Structure formats: C-alpha cells, structure tokens
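Just so you know, these numbers come straight off a predicted model, no measurement behind them.
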Protein chains: 2
Amino acid sequence: MVINLDVTLRDGGYRNNFDFPLDYARHHVRESVAAGIEWIEIGYRNGSFKPRPGIGRTGLGADDYIRALAEVVPPEHLCMIVHPKNITEDDLPRMYEAGARMVRFCLPSGAPEAGLALLARAVDLGFTTTVNITRVSQLDGRRLAELAAMSGDSGADVVYLADSNGSMLPREVSRLVTLVRSVTDAAIGLHAHNNLGLALANAIAAVEAGATWIDSSVLGMGKGPGNLVTEQWLAYLGRGGRTEGHDLGRILALAHRMEGEFAEAAPSLPLPDLVLGHFDLSVEERAKLPQGRISDAFSAARELTATGAR
Amino acid sequence: MVINLDVTLRDGGYRNNFDFPLDYARHHVRESVAAGIEWIEIGYRNGSFKPRPGIGRTGLGADDYIRALAEVVPPEHLCMIVHPKNITEDDLPRMYEAGARMVRFCLPSGAPEAGLALLARAVDLGFTTTVNITRVSQLDGRRLAELAAMSGDSGADVVYLADSNGSMLPREVSRLVTLVRSVTDAAIGLHAHNNLGLALANAIAAVEAGATWIDSSVLGMGKGPGNLVTEQWLAYLGRGGRTEGHDLGRILALAHRMEGEFAEAAPSLPLPDLVLGHFDLSVEERAKLPQGRISDAFSAARELTATGAR
C-alpha cells in the first residue's frame with residue numbers, strides 16, 4: 001500500500017511565487033482527494049526557506065486559507081510544511097484548529113533539535129508528522145542515519161528522503177531507503193525531483209526497497225524541473241494492477257485544467273499519449289479518442305480496450 | 001557495455017513527415033557520432049509501414065541521402081531500417097555501397113520468413129543486423145520466443161524488443177529480456193516509447209536484465225510521445241560512472257539546436273536542470289550558469305562542482 005501525497009500547491013508554488021488563486025486551490029484539493037490522493041500539502045506556514053517578496057497564499061499558509069480548503073474536503077487530508085525557524089509553538093494549535101491534520105518539518109541537518117521539539121509538540125496535538133530530510137544526495141550516510149533515528153524517536157510518523165537536486169539514481173535511492181529503514185520504525189517516504197528524468201524510476205525503486213509514502217505533483221509542477229508527475233505515478237500503479245482506489249481519469253482532468261490555466265505549468269508528456277499507454281493501445285488509436293475533455297478520452301480508451309482494439 | 005543507437009532521424013520523422021533538412025541530418029549524424037553514439041539510424045528504406053503522401057528523405061532513405069551522410073562520419077555508424085515488404089534483394093547491396101553498415105528488419109510477427117531470408121542475405125553482404133519485434137506488449141510469450149529464436153538462427157546480431165505502445169513496466173521489460181536471452185545468443189536491445197514516462201526506467205531495467213543495445217532519440221523526438229530521451233539516458237550512464245566515452249555536453253548542444261529548429265520537437269525537461277542534476281548541484285546554482293549555449297552551462301556546472309559548490 002502506497003500513501004500518496006500531493007505537493008502541487010506547495011512545491012509548484014516555486015514557479016508562480018505561491019500565487020495560486022483560492023478558487024483553484026479549492027478545486028485542486030477537492031479533485032485530488034476525490035481521485036484518491038490521501039494527503040494534500042497545501043503550503044508553507046509563514047514562508048519558505050528564504051524570505052521572498054510578495055509571496056502568495058500557498059507560501060504563507062494563513063489560518064483563513066487553511067480554513068477555506070478544509071471546507072471542501074473531509075478532515076484528515078490537509079497538510080502543511082514548515083521550516084521550524086519560521087514558526088512558533090502557537091502556530092501548531094492554530095493550524096490544527098483551522099483544519100490541517102499533518103505537519104511536515106524541514107529540519108536544518110546541522111541543528112535539528114529545536115525543530116524536533118516542535119515536532120514532538122505537534123505529535124501531542126494530534127497531528128500526523130513527517131520529517132523531510134533535504135538534499136540527501138549531499139548528506140553523509142552517518143548523519144542521515146542519525147537524523148532519521150532522532151526523527152523517529154521524536155515521534156515522526158514518516159521520514160522523508162528529499163532528492164532536492166534531482167541527482168539520485170534508483171540504486172542510490174534503494175540504498176538510502178534501506179539505510180533509513182534499519183535505524184527507525186517510522187515509515188519512509190520519497191520526495192523526488194526530475195532533473196534527470198529519473199523521478200519515476202526513483203519512486204519505483206523506493207517502493208521496492210520498502211518506502212510507503214510518495215510525493216508527487218500534477219504535471220510535475222514544482223521547483224526546478226519539477227517533481228514526480230502524479231499522473232505518471234498513478235498510471236504506473238494502475239498498469240501494475242495497484243489502482244488502490246485511484247481515479248486516474250479525474251487526475252488527468254485536473255492536469256488538463258492546470259495546463260490551460262497556469263503558464264508556469266510546463267506540460268508533461270502529452271496526456272492523450274499517457275492514456276494510450278495506460279490501456280496498451282497503439283498510437284494509431286489516438287485519432288479515435290475524442291478531443292477536448294481528457295476524461296472523455298480516458299473513457300473512450302477504456303471502451304476501446306474492452307471492445308478488443310488491442 | 002551499452003551500445004547506443006540514435007533513432008531521432010527515423011522515429012522522429014513521424015513528427016515531421018520525415019522531412020529533416022539534409023544540412024540538419026548531416027549535422028545530427030556528425031555530432032552524435034562525435035559524442036560517442038555508436039549507431040545512427042538515418043531512416044526507412046522506401047517508406048515506413050504504411051504509405052504516406054509526400055514523405056521526406058528520412059522516410060525514403062535513397063542512395064544519395066545515405067551517401068551524403070556517409071561523407072561526414074567514419075564507416076560503421078550508419079544504419080537503415082526496413083519493412084521487408086518495401087524492399088527487394090537489390091536494395092541491400094545498394095544501401096551497403098552507399099555507406100550503410102547496419103540494416104534493421106521490422107518483421108510481421110505472423111509471417112516473418114520472407115524478411116528473415118532478406119536478413120540472411122544482409123548478413124552475407126557484411127551488414128550488422130537487428131530484428132525489431134514490434135508491439136511486444138501485445139505479443140504472446142511463446143510467439144515472442146519463436147520469433148527471437150528464428151531471428152538469431154537467421155544471423156541477427158541483435159533482437160530488439162520494441163515497446164511500441166509505451167505501456168510496459170520495468171518488471172515486464174525484465175521478464176521479456178530474460179525470456180529472449182534464454183532462447184537466442186543474439187544480443188538483446190530495447191526500443192522504448194515514453195507514453196507513461198517509463199522509457200528511462202524501462203531502459204535501466206532492460207540493461208540490468210542483460211540487454212546491451214538501447215535505442216534513444218534526442219529530446220525523445222519520435223512517434224507519439226516519443227522515445228527514451230538520449231540526453232537523459234547518457235546522463236544516467238554518466239551519473240553511474242559509466243560515461244563510456246560519451247560527451248553529454250555535445251549531445252545537450254545538439255538537443256538545444258533541435259529545440260530551436262524544429263517546432264515538432266517538444267522540449268523535454270529543461271536542459272539546464274538536467275545539467276544541475278548531472279553534477280548534483282542545487283537549483284540555487286542555476287542562476288550562476290551562463291545563458292545561451294547549453295554547452296557553456298555544462299562547462300560552468302562542471303567548474304562549480306570542481307570548486308566545491310556542492
């Protein structure tokens with residue numbers, strides 16, 4: 001069982017200065033949850049790592065923003081990410097009261113103690129918690145093991161390896177997942193970036209090595225060249241018979257809207273071709289798919305498969 | 001040791017009706033070979049599977065076209081692909097005389113005999129040969145084993161699995177490579193399409209299962225959503241210390257030119273981000289890379305790495 005966490009509104013914010021319209025954010029959260037994504041990371045609390053001028057709502061994560069999203073989905077789906085230096089203990093109960101149920105902590109690898117104390121406080125408040133260990137490709141293995149063990153000891157539910165530079169290979173991901181599993185009982189997650197086009201291969205390697213939490217974003221929208229592409233990841237799970245209740249057609253519709261609405265959302269591979277691959281249909285069948293709504297193309301492709309086009 | 005085969009001018013031709021300008025084709029072949037790609041597939045002989053009106057030079061593969069490319073690279077780098085129904089025995093010595101040194105045969109899986117007879121003739125003439133088994137995702141395992149065995153018996157140097165629908169998962173690629181290896185002594189190759197974003201993961205799986213020939217195209221330019229992306233594949237090999245004499249910077253420069261010159265060449269992930277990933281540099285270093293020539297950015301990134309930016 002993989003637990004999927006959507007980072008579009010947060011990591012994608014690096015592309016548009018965290019300026020997602022509230023209407024879109026509500027739509028995104030509703031559709032993602034309806035499609036079976038377990039957790040939606042809706043933003044930073046009080047800013048990202050470095051101060052940025054004019055930062056938008058998904059970079060500030062104010063109470064009223066959290067509340068506006070908590071109106072459209074059931075509880076237990078909304079999470080916030082924090083740099084501990086940006087928050088105080090007071091932020092935690094306020095985020096919980098507004099409707100967030102997970103907090104993710106980006107810890108400075110040199111001095112994680114203050115952040116871990118906040119994490120322990122979040123655990124007490126009832127939050128699900130993750131520790132995100134960033135730039136793992138540049139971290140000494142012994143330090144990584146220490147940070148992971150300390151995180152688990154502080155009550156983190158999940159320890160995330162973040163391939164911030166997008167430079168890791170699948171075999172390195174396997175090795176680090178195995179290392180971290182051996183020092184903590186926390187679940188292991190992967191946050192992949194796609195610099196080398198390896199985000200999908202790395203996510204597969206992570207899960208095969210025992211990771212159970214995977215971050216992704218719609219169209220891969222995220223910092224730099226972006227993250228693991230949600231629709232590709234769900235298609236991979238689906239091709240392998242691991243649909244786990246996901247609605248790929250619904251996520252494709254969300255991706256299609258994003259392509260049209262956000263200039264910063266660089267299109268990934270063409271969505272109709274993903275539909276063909278998902279149903280093992282040849283490129284010649286593409287002309288038979290309706291134009292326009294990608295969810296109609298998805299339904300038509302499923303129909304073609306059922307009627308023996310392959 | 002992986003033997004790399006570039007399919008840009010052939011499979012990419014599906015995007016522009018095989019109408020690459022001769023100047024570009026000569027540049028492409030020269031730069032690819034200079035960057036260490038072993039074989040360049042320069043086109044179909046006498047048309048692709050189905051007749052297409054107004055098909056350009058890389059879809060016809062005439063003698064003078066082959067000859068024009070053979071002027072710019074050493075022997076033993078140029079290959080042609082054929083549908084046996086489109087050629088006669090006479091085509092083989094003419095292609096050889098013009099400068100091609102490999103012929104790849106797309107065989108109809110139901111009746112491969114006539115094609116295999118032509119293949120045996122090509123072997124006699126001194127060609128390196130491959131059999132490309134298309135749509136392997138839809139082929140019965142027993143038939144695949146038969147075709148592979150017959151191909152090896154007819155003298156094929158390489159049996160290629162073509163994931164024409166781009167629907168295969170890494171574990172399926174592993175299984176089929178293992179199957180085919182067990183029935184023939186021919187080398188095994190993979191021709192991947194990227195419908196699900198899995199071309200790179202599948203190429204990795206193929207090589208780990210024992211395949212030694214990998215097709216790719218610059219920017220992934222190819223039928224449908226395209227092929228394995230050459231620059232991502234070489235970056236993968238390079239990150240793993242398997243540079244094998246490849247010049248990634250040179251391929252990136254070629255990709256950069258293609259992005260600018262061909263409207264049909266959908267950009268892959270941004271090339272400067274690939275450079276960062278290749279050198280394990282953070283996204284913050286991107287501002288330090290020179291704009292313009294990507295090969296300058298590549299050199300600058302190498303310099304940053306050497307001076308300890310990571």
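Of the possible polar contacts, none joining the A:N165 side chain to the B:G277 backbone as a donor-acceptor pair under 3.5 Å is found.
For A:I204, the part sitting under 4.5 Å from any heavy atom of chain B is the side chain, from C-beta outward, and nothing else. For A:P170, the part sitting under 4.5 Å from any heavy atom of chain B is the side chain, from C-beta outward, and nothing else.
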B:L196 vs A:L274, side-chain contact (heavy atoms from CB on, under 4.5 Å): CA-CA, chis, key distance, verdict: CA-CA 5 Å; B:L196 298 176; A:L274 183 143; 4.0 Å; yes

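When B:L276, B:V229, B:L269 are compared by the number of non-hydrogen pairs under 4.5 Å with chain A, B:L269 comes out ahead. Each of B:R286, B:E284, B:E231 has some count of heavy-atom pairs under 4.5 Å with chain A, and the biggest count is that of B:E284. The greatest number of non-hydrogen atom pairs below 4.5 Å with chain A, out of B:V275, B:N194, B:D163, is found for B:N194. Interface remark: of the candidates B:P225, B:G224, B:G166, B:A201, B:P225 forms the most heavy-atom pairs closer than 4.5 Å to chain A.
A side-chain hydrogen bond (donor to acceptor under 3.5 Å, both in side chains) with B:S282 holds for exactly one of A:K223, A:R135, A:Q138; it is A:R135.
With sequence neighbours excluded, the residues that form a side chain to side chain contact (heavy atoms under 4.5 Å, CB included) with B:R143 are B:P112, B:L139, B:D140, B:E146, B:L147.
Considering only heavy atoms from C-beta on, B:L198 comes within 4.5 Å of A:L200 through its side chain.
The side-chain hydrogen bond (donor to acceptor under 3.5 Å, both in side chains) analysis of residues 195-209 of chain B, with sequence neighbours excluded, yields no pairs.
B:E172 contributes atom CD, which lies 6.0 Å from atom CZ of A:R239 (distance to the nearest 0.5 angstrom).
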